[in-house]
Amino acid sequence: MARTEASVTDAHASSTDFSRPLLAWYDRHHRHLPWRTPPAETKLGVLPDPYRVWLSEIMLQQTTVGAVKRYFEAFVDAWPTVEALAAAQTDDVMKAWAGLGYYSRARNLKKCAETVAGEHGGRFPGSEAGLKALPGIGDYTAAAIAAIAFNRPAAVVDGNIERVVTRLYAIETPLPQAKPEIRAHVAAALPHDRPGDFAQAMMDLGATICTPRKPACVLCPITHGCTARREGTAERFPIKAPKTEKPARRGAAFVAVRADGAVLLRRRPPEGLLGGMTEVPGSAWTARHDGVSDDTAAPFPADWRAAGTIRHVFTHFALELSVFRAELPLNAPAGDGWWSAPDTLPGEALPTVMKKAIEAAIPGATKKRRKG
DNA sequence: CATTCGTGGAC
DNA sequence: TGTCCAAGAAT
């Protein structure tokens with residue numbers, strides 16, 4: 001059944017002007033986050049430190065607020081300014097990032113800090129174009145920093161805002177096709193007095209009310225102009241293209257344990273999967289099964305013994321890793337890698353899949369001990 | 001425009 | 001256990 005002309009007109013007229021009720025809701029119900037300046041202060045003209053905004057935005061790319069908080073605190077403790085981060089050792093940055101995922105973000109974070117410190121006098125550009133020219137900063141992050149840290153009228157569009165807007169206007173076009181249309185709606189609604197609060201209000205709304213499943217429409221401050229709400233179809237949006245299934249890969253990992261408990265590690269290539277991170281020696285990860293149930297792929301001859309199998313799911317494939325363990329003498333060579341003692345192992349730049357492999361061979365070896 | 005790039009929590 | 005997916009960027 002076709003929509004009446006009156007309902008379309010009404011929906012459009014009320015939806016384009018949702019910024020005021022949204023901001024009023026944000027003033028009362030905003031989330032308290034370590035990197036955020038609350039609206040009571042932004043309304044007085046107090047803006048957050050661009051360094052902290054940038055750091056949080058990079059960490060929050062495809063990553064939940066809950067996971068980011070600890071890392072954010074650790075980073076600002078270790079490196080309080082962009083100059084401090086620029087002067088840091090890249091390996092220390094990778095170690096601090098270990099476990100957060102998408103490690104190209106950490107590599108670009110360091111490059112970006114060096115550029116800002118070295119070529120911009122330690123100050124982040126305030127324009128979207130200037131920000132987007134920096135490593136690791138794309139459309140979303142440039143707009144977010146411009147709006148939040150500099151109060152520039154930038155149209156911020158993240159996953160939350162895509163969901164909110166596609167529901168407000170019942171946009172049937174699938175993502176990412178619908179992105180320009182979504183951006184136009186955001187730009188049309190943008191309140192020029194509070195662009196930073198508006199962006200954060202939209203994201204808070206998406207994170208706490210306009211959620212992917214079971215949205216709390218009864219609590220929504222802009223439900224009045226929402227087409228999907230009126231039609232009872234909120235949960236259908238946003239429409240997304242079907243995703244391809246993940247292939248399986250297999251491989252072997254070798255945990256060499258020296259007589260003093262040290263473990264043999266090596267560095268992965270700087271680009272690509274887990275680029276620049278630390279690993280134990282292992283085979284290639286292939287779709288085939290050969291050479292993973294025995295020690296034929298071992299980096300050197302030793303008394304390799306099966307220590308179990310671990311599974312880990314990456315973004316685009318699932319991995320099954322056969323883990324082997326061998327005891328090596330104190331004078332065993334490290335080759336291209338290094339021996340990491342039991343007290344240094346937990347602090348290494350080990351991605352989660354590698355911690356799982358080491359844990360299979362040496363339970364507890366990668367756990368960080370609490371002081372005291 | 002499609003792929004590649006992690007991880008852990010929610011349901 | 002499986003599935004989705006979270007403040008996306010680079011190529």
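Heavy atoms only: backbone and side chains are in, while hydrogens, waters and symmetry mates are out. Keep in mind that what you see is a predicted model, and the values were worked out from it rather than measured.
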How far does the P atom of C:dT11 sit from the matching atom of B:dG6, given to the nearest Å?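 Roughly 14 Å separates the two P atoms.
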
Could you tell me how far C:dA7 sits from B:dA2 if I compare only their C1' atoms? Round to whole Å. 23 Å

Kindly state which residues belonging to residues 50-66 of chain A come within less than 4.0 angstrom of DNA chain C, counting heavy atoms of the residue only, listed by number. A:Glu57, A:Leu60, A:Gln61, A:Gln62, A:Thr64

Within residues 25-35 of chain A, find the residues that approach DNA chain C with a heavy atom at under 4.0 Å, and present them sorted by residue number.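 Residues of residues 25-35 of chain A that come under 4.0 Å of DNA chain C are, in numerical order, A:Arg31, A:Leu33, A:Trp35.
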
Please tell me whether A:Phe72 and A:Trp35 form a close aromatic pair, meaning their ring centres lie under 6.0 Å apart.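 For A:Phe72 and A:Trp35, the ring centres are under 6.0 Å apart.
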
Given atom [atom1] of [X] and atom [atom2] of [N], what is their separation to the nearest angstrom?
X        : N     : atom1 : atom2 : result
A:Met354 : B:dG6 : CE    : P     : 11 Å
A:Tyr102 : B:dT3 : OH    : P     : 15 Å
A:Leu100 : B:dC5 : CG    : P     : 18 Å
A:Arg213 : B:dG9 : CZ    : C1'   : 10 Å
A:Lys179 : B:dA2 : NZ    : C1'   : 14 Å
A:Lys246 : B:dT4 : NZ    : C1'   : 12 Å
A:Met94  : B:dT7 : CE    : P     : 11 Å

Side chains of A:Arg267 and A:Thr278: any donor to acceptor distance under 3.5 Å?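 A pair is found: one side chain offers a donor N or O, the other an acceptor, under 3.5 Å apart.
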
Do A:His316 and A:Lys246 get their side chains close enough for a donor-acceptor pair, meaning under 3.5 Å? no

Has A:Asp336 got more than 12 heavy atoms of other residues, nucleotides or ligands less than 6.0 Å from its CG? no

Base B:dG6 to side chain A:Thr315, donor-acceptor N/O within 3.5 Å cut-off: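 Indeed, a donor on one side and an acceptor on the other fall under 3.5 Å apart.
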
Check this for me, if you would: do [X] and [Y] make a salt bridge, where the nitrogen-to-carboxylate-oxygen distance has to be below 4.0 angstrom?
X        : Y        : result
A:Asp193 : A:Arg20  : yes
A:Glu235 : A:Arg213 : no
A:Lys110 : A:Glu114 : yes
A:Asp204 : A:Arg31  : yes
A:Arg236 : A:Glu172 : yes

Ring geometry between A:Phe317 and A:Trp285 (parallel below 30°, tilted from 30 to 60°, perpendicular above 60°):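 Rings of A:Trp285 and A:Phe317: tilted, as their planes differ by 30° to 60°.
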
If the plane angle is over 60° it's perpendicular, under 30° parallel, otherwise tilted; pick one for A:Trp54 and A:Phe124.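 Geometry flag for A:Phe124 against A:Trp54: tilted rings.
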
One pair to check against ring pair (Phe, Tyr, Trp, His ring centres under 6.0 Å): A:Tyr71 and A:Trp97. What are the steps and the verdict? CA-CA 7 Å; A:Tyr71 284 87; A:Trp97 197 278; 7.3 Å; no

Ignoring backbone atoms, test whether A:His316 places a side-chain nitrogen or oxygen under 4.0 Å from the OP1 or OP2 oxygen of B:dC5. yes

Looking at A:His312, does any N or O in its side chain come under 4.0 Å of the phosphate oxygens OP1/OP2 on B:dG6?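 Answer is no, no contact under 4.0 Å.
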
Quick check on side-chain hydrogen bond (donor to acceptor under 3.5 Å, both in side chains): which of A:Lys132, A:Glu128, A:Gln61 does A:Thr141 satisfy it with? A:Gln61

5′-ward residue of the pair A:Asn160/A:Leu134 relative to DNA chain C: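 Looking at DNA chain C, the more 5' nearest nucleotide goes with A:Asn160.
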
Which residue lies more 5' along DNA chain B, comparing A:Phe317 with A:Pro176 via nearest heavy atoms: A:Pro176

Whichever of A:Gly275 and A:Lys214 has its nearest DNA chain B nucleotide further upstream toward 5':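 The answer here is A:Gly275.
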
When you list every nucleotide of DNA chain C with an atom under 4.0 Å from a heavy atom of chain A, which one comes first 5' to 3', and which comes last?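 Contact span on the strand: C:dC5 to C:dA10.
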
Categorize [X] for me: base, sugar-phosphate, or nothing, with a 4.0 angstrom heavy-atom threshold over every strand shown.
X        : answer
A:Gly272 : sugar-phosphate
A:Val68  : nothing
A:Pro351 : sugar-phosphate

